[in-house]
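Since the structure comes first, as structure tokens, the remarks are kept for the end.
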Amino acid sequence: MAEALHPHLPCLLWWVPFLPLLAGGIIAFLPNRLGRLASRLAIGALFVSCVIALAAFVCTLTPVEEGVPFRLVTPPLTWFTFGDVALQVGLVLDPLSAAMAAMVAFVALWIFIYSIGYMEKEARFGRFFGFLSLFCGAMLLVVLANSLLLLFMAWELVGLASYMLIGFYFEKPSAAAAAQKAFITTRVGDMAFFIGMIWLYQQSGTLLFYNHGHGLLESGVLSSLAGITTVGGLTVSAATALLLLVGAMGKSGQVPLHTWLPDAMEGPTPVSALIHAATMVAAGVFLVARTYPIFGIGGLQSVPLTAAAWIGGITALYAALVAMAQTDIKRILAYSTVSQLGFMMVALGTGGVAVAMFHLIAHAFFKALLFLSAGSVIHGCHEEQDIRRMGGLRAAMPKTFITYAIGMMALAGFPFVFSGFWSKEAILHGAMNWPGGYGPFLLAVSAAVLTAFYMTRQALLVFYGVPRKPGVHHPHESPSIMLVPLYVLAAGAILLAIVGTPAWPWFEEWIKGEAATCHPDALMKPDALKLIGLSLVIVTLGVGASWKLYRNVSGASDAPDPMAGKLAGIWKFLEQAMGFDALFEKTIIGPLAFFAGAIDAMERQIFVPLMAGGESFIKRFGRWTGVSDEKGLNDGFDSLCSGLQNRADSASRSQAGKPQGYLRAIGLGMSVLLILYFWLSA
């Protein structure tokens, strides 16, 4: 089947992003009463895209040759021309794009199906699926693009769609504010991305990634980028990579451009699952992975990779600390996403593309599972999101509890069975052996302990103990259309562990274009045993500490958190997300608002009166010129014209057309002349 599909792949590949985009465009013209039709259209289009993406994924399983990954580049299309220069775009299929496209389409498809049940009572049901389709089509174009320009255009479409989805409940001030915050914050990173893209084009003359040896990621251009230095002795490759990293930080919520991501949970829960798990936030990590050859010039200790490792480590620990003190079930998961994105950046900086991508894909499954399970809890608890008002839900929602427990254990890194254990172990392995030092490794280990702690805390407060008072009344299990996607994603969170163990590192070897081989003795090597032991200690510490603190929490929903008394002011600091929003308010938003207010006051107090005075002067001058024009110029001109007319009338009267009169005049004239002649000659 794969061989038969190869000749048609370049054409079929365009349909993967195009079908959801087309569905979103059609849905935009459908009335709200046709919401069911819109949902079927969106799911049908994404289903076909998913089938094509999975078939394309199968085609990449066989490398071209040992150590050379499968790569198919579609014929480039000219986007536009200026002068003799043509900007071209196209798609590329390789293990990196194939894995991402298959994951995005597959996970998003189940989120779409889940949304039918979760959003069934929404008045704008159809419009919601239109936004989802636009979002998924744009994200699929991001991962398949063979051009930095096409990737950037799709990147911005993702930003637009996320703005509409986060602000779907725009009648809520908090949702509208969250949408604006996401849009504006990510624009900061996007501007850096845009500048880096222009700089790369100026230096290389191309934005295609692969172009028969002349693409951005091919040896000729990479050598030229590494050979030119710029400010501070940085090479152009390092400087542009840092700009791309800032773009990735905005999209993937890295400190300090992370503040939009927790607030994005103001959108419907399926949106949270889509944005926080499989799509938008993964775009930044994917951008670094796609352009890794530029980042990696100079090895693992290059400036851009070192920056990625440290930023990722700081982000992972920061978000894990803040997640400990949150009480909104979705906000805890949102900060968890920020933390896990930090782990992915650590992986890119210290271990390479394969390690980061395995954690990205594993995280997509178990985080989508967690968000959808949280949505099931919210649905069953009549829209309640405060975990302090829950408790004892294991009995009322046993199916949701099982799926949530699988997602929680995968994220916390429970050993051996779950994909999150092996992906996190690979990240720690890369960070521990990084030649740049142990800093990112220690940050990642601390974040991993806290991850196990806050996820166990959440599970205990939601599902264990007794129902809190006041709390949720009559919680109930969700319908099957919401539960089936949970089962599928739970299976994925477990089964992915098979391809990422040191004994059979199929995923890593496939990304590199190598034949997958078993290494049974890899688990018994000292380094592997040391890290497995460390991972077990991490999980034991995190889970054990959380169990000790939260297993007997009081049944009163207003009871203080056990950690609040132990940490006192620090707990309040963590509840407020370490004051980043307040800091930005005082250092950026406040001064800008003051400056805008000063400009406004200056306009009202100075420019408006000046303009009014100028307007008055011009009006008076106009009236004066009007009077002088009417009384002076017009009357004088009229008098002159009247005099000329009178003289003309007199002259015209002498021209009566009678010969007798003309002869008399001639005679009279001759007489006068003769008299003058004789008088003068006498």
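The figures that follow rest on heavy atoms only: side chains count, while hydrogens, waters and symmetry mates do not.
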Is a side-chain donor-acceptor pair under 3.5 Å present for Tyr454 with Ser336? yes
Within 6.0 Å of CZ in Phe194, more than 12 heavy atoms from elsewhere: no
For Tyr404, run the ring-ring contact (aromatic ring centres under 6.0 Å, His included) check against Phe366, Phe463, Phe371 and tell me which one passes. Phe463
Is it the case that over 12 heavy atoms from other parts of the model lie below 6.0 angstrom from the CZ atom of Phe47? no
Within 45° of the axis and under 6.0 Å from the centre of the six-membered ring of Phe129, does NZ or CZ of Arg127 qualify? no
Answer yes if the ring centres of His476 and His379 are under 6.0 angstrom apart, and no otherwise. yes
Quick one: do Glu477 and Lys399 make a salt bridge, cutoff under 4.0 Å? no
Does the separation of the ring centres of Phe57 and Trp510 fall below 6.0 angstrom? yes
On a heavy-atom basis, which atom in Gly420 and which in Ser423 lie closest, and how many Å separate them? O-OG, 3.3 Å
Just say parallel, tilted or perpendicular for the rings of Tyr114 and Tyr118, cut-offs at 30° and 60°. parallel
For the residue pair Asp581 and Lys181, establish whether any side-chain heavy-atom pair is separated by less than 4.5 Å. yes
Return the minimal non-hydrogen interatomic distance between Met344 and His359, and the atom names on each side. CG-CD2, 3.7 Å
Testing the basics here: between Leu54 and Ala102, what is the closest heavy-atom pair and its distance to 0.1 Å? CD2-CB, 3.9 Å
Flag the pair Phe421 / Phe414 as yes when their ring centroid distance falls below 6.0 Å, and as no otherwise. no
Under 6.0 Å from the ring centre and within 45 degrees of the ring axis: does the NZ or CZ of Lys424 meet both conditions for the six-membered ring of Phe343? yes
Verify whether one side chain among Thr403 and Tyr487 offers a donor that lies under 3.5 Å from an acceptor in the other. no
Got a sec: does the CH2 of Trp14 have more than 12 other heavy atoms crowding it under 6.0 Å? yes
Where Ala319 and Ser339 come nearest, the two heavy atoms and their spacing: CB-N, 3.4 Å
So which heavy atom on Met280 is nearest to which on Lys251, and how close? O-CG, 3.8 Å
Under 4.0 Å between a side-chain nitrogen and a carboxylate oxygen: does that hold for Arg187 and Glu156? yes
Trp15 and Phe18 aromatic centres sub-6.0 Å: yes
Please test Tyr335 against Gln340 for side chain to side chain donor-acceptor pair (under 3.5 Å), starting from the C-alpha separation and ending with a verdict. CA-CA 9 Å; Tyr335 276 107; Gln340 296 307 304; over 6 Å; no
Could you tell me if Ser147 and Gln88 have a donor-acceptor pair between their side chains, going purely by distance under 3.5 Å? no
Please determine whether a side-chain nitrogen of the Lys or Arg among Arg331 and Asp386 lies less than 4.0 Å from a carboxylate oxygen of the Asp or Glu. no
